[in-house]
Amino acid sequence: MTRGIALVRQPGDRLAEGLVTHIERSDVDVAAARRQHEAYRAALAGAGWQVHEVEPADHCPDAVFVEDTVVVCADLAVLTRPGAPERRPEVAGTEKAVRAVGLEVVRIEAPGTLDGGDVLQVGSTVYVGLGGRTDAEGVRQLAAHLATRGRTVVPVPLREVLHLKSAVTALPDGTLLALPELFDATALRQPVRPVDEEAGCHVVPLGDGLVLLAASAPRTAALVADLGFTPVVVDISEYEKLEGCVTCLSVLIPAS
Ligand SMILES: CN(C)C(=N)NCCC[C@H](N)C(=O)O
């Protein structure tokens, strides 16, 4: 039984040149990053996801953060127009992958910008972070595309944080785990559960109560277990040095 397809993209040799915005740059061990990516893929496969590799884009240091290049909603893939111009070439490989899977494909057009890391889907509500990478025109275009799938887009102004999903994500029951000081939480249509460690607000539901989260959030793993879910823990330390988190390294396409 497969839960669906998980798109991932291998880290390239230039990974250590990836963008950092709100943190200090530190040395990235590319060999360790490759081992961590293998373990990440194994965790997805172990949870029942069919891992598909998006063609490499090694000339783009941040290409491993494949989440930012597309928003998948039901049978629709919305290709993004990343806010960082140097990341826009990453989208071409993702387009090939989502077309190969058979999704309907649309795209965010200039001048709008949008990163997938700013898009948090909770049931029929789609929260979209407004900040350094996603602008109002990108949100407007996404709202039009997702309305065709019965979704309502809600913009959420960000503070000093890279993406919305750097600050808030959802457990399988819709509970929002957040660092509320990093965004305008009053824009959300539901309460948030504050966490006390940065990576504690980065979770990926994998199905049947399985929840992917980083090894750097041990207290949140215990909380997730106390709430009746099953933590699936991965070490992504080298990606955290580039402002990445567990959501960034994959795009989940549930089996229809
Ligand atoms: C939810 N998050 C944070 C993401 N989906 N993307 C992380 C991108 C990191 C990359 N160095 C950059 O700055 O673009």
Side-chain angles (χ1 to χ4, degrees), residues 6-30 33 36-37 40 44 54 57-72 78-91 93-94 108 113-122 126-135 138 142 156 158-170 176-179 182-183 195 197-205 212-214 216-217 220 234 236-252:
L7 300 182
V8 298
R9 192 183 236 157
Q10 290 277 358
D13 293 339
R14 295 183 58 189
L15 175 70
E17 301 168 44
L19 295 168
V20 288
T21 307
H22 299 280
I23 61 172
E24 289 302 309
R25 184 173 292 280
S26 58
D27 291 344
V28 172
D29 179 337
V30 178
Q36 291 177 355
H37 200 265
Y40 181 93
L44 295 178
V54 175
D58 289 349
H59 52 297
C60 295
D62 286 304
V64 66
F65 300 112
V66 64
E67 171 179 55
D68 294 321
T69 59
V70 67
V71 175
V72 173
V78 183
L79 294 171
T80 70
R81 183 168 181 266
E86 54 268 61
R87 295 200 58 188
R88 289 174 193 158
E90 298 173 27
V91 178
T94 304
I108 302 295
T113 66
L114 183 131
D115 280 19
D118 274 319
V119 181
L120 174 61
Q121 302 186 58
V122 185
V126 181
Y127 295 112
V128 185
L130 269 175
R133 298 290 179 86
T134 297
D135 65 13
L142 183 72
V156 180
L158 302 181
R159 297 194 174 108
E160 284 304 301
V161 71
L162 180 64
H163 285 131
L164 179 64
K165 286 191 282 193
S166 308
V168 57
T169 55
L176 297 183
L177 299 180
L179 290 168
L182 296 179
F183 63 99
V195 296
E197 51 195 350
E198 184 175 345
C201 62
H202 311 145
V203 292
V204 181
L212 187 69
L213 74 170
S216 55
T220 309
V234 286
I236 54 162
S237 64
E238 301 315 297
Y239 300 100
E240 292 169 331
K241 292 176 183 175
L242 294 166
E243 283 181 287
C245 68
V246 284
T247 74
C248 320
L249 299 171
S250 60
V251 176
L252 299 184

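It should be emphasised that the depicted structure is a prediction, and the values quoted were computed from it without experimental measurement. In each ligand, atom 1 is the first atom listed, and ligand 1 is the first ligand listed.
- Atom 2 (N) of ligand 1 has as its closest protein heavy atom C248 SG, 3.0 Å.
- Considering only non-hydrogen protein atoms, atom 8 (C) of ligand 1 sits nearest to D68 OD2, 3.5 Å.
- Using a 4.5 Å cut-off on side-chain heavy atoms (C-beta onward), V168 and C201 make no contact.
- Closest heavy-atom approach to atom 13 (O) of ligand 1 within the set H163, R87, R133: this belongs to R133.
- Assignment of T21 to the shell around ligand 1 is not supported, since no heavy atom sits closer than 4.0 Å.
- Taking distance alone, with nitrogen or oxygen atoms compared against 3.5 Å, D62 approaches ligand 1 more closely than that limit.
- Annotation: V20 places no N or O atom under 3.5 Å from an N or O atom of ligand 1; distance criterion only.
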I would like to know whether D58 and R14 meet salt bridge (Lys or Arg N to Asp or Glu O under 4.0 Å); could you show each step before the answer? CA-CA 7 Å; D58 289 349; R14 295 183 58 189; over 6 Å; no
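- Note that SG of C248 is 7.0 Å distant from CD1 of I236, once rounded to the nearest 0.5 Å.
- In this structure, T169 OG1 and Y127 OH are separated by 13.0 Å, a value rounded to the nearest 0.5 Å.
- The two atoms that bring T94 and V54 nearest to each other are N-CG1, 3.7 Å, heavy atoms only.
- The proximity of C245 to ligand 1, defined as any non-hydrogen pair under 4.0 Å, is limited to the side chain.
- For E17, the CD atom counts as densely surrounded, since its 6.0 Å shell holds more than 12 non-hydrogen atoms of other residues, nucleotides or ligands.
- The closest heavy-atom contact to atom 3 (C) of ligand 1, among the options E240, K165, E243, comes from E243.
- Applying the side chain to side chain contact (heavy atoms under 4.5 Å, CB included) test between L242 and each of V28, I23, L19 identifies V28 as the sole match.
- Atom numbering of ligand 1 starts at 1 in the shown order; those under 4.0 Å from a heavy atom of E67 are 1 (C), 4 (C), 5 (N).
- Under 4.0 Å from ligand 1, the heavy atoms of L162 that appear belong solely to its side chain.
- Electrostatic pairing of D118 and R133 does not count as a salt bridge here, judged by no charged N lying under 4.0 Å from a carboxylate O.
- In the vicinity of S166, heavy-atom distances shorter than 4.0 Å reach the ligand 1 atoms 3 (C).
- Atom 9 (C) of ligand 1 has its closest protein heavy atom at L242 O, 3.3 Å.
- Residue contacts with ligand 1 leave out H202, since none of its heavy atoms falls under 4.0 Å from the ligand.
- Heavy atoms of T247 found under 4.0 angstrom from ligand 1 belong exclusively to the side chain.
- With a 4.5 Å cut-off on side-chain heavy atoms, V246 and V234 count as touching.
- Put simply, no part of A84 is less than 4.0 Å from ligand 1, judged by heavy atoms.
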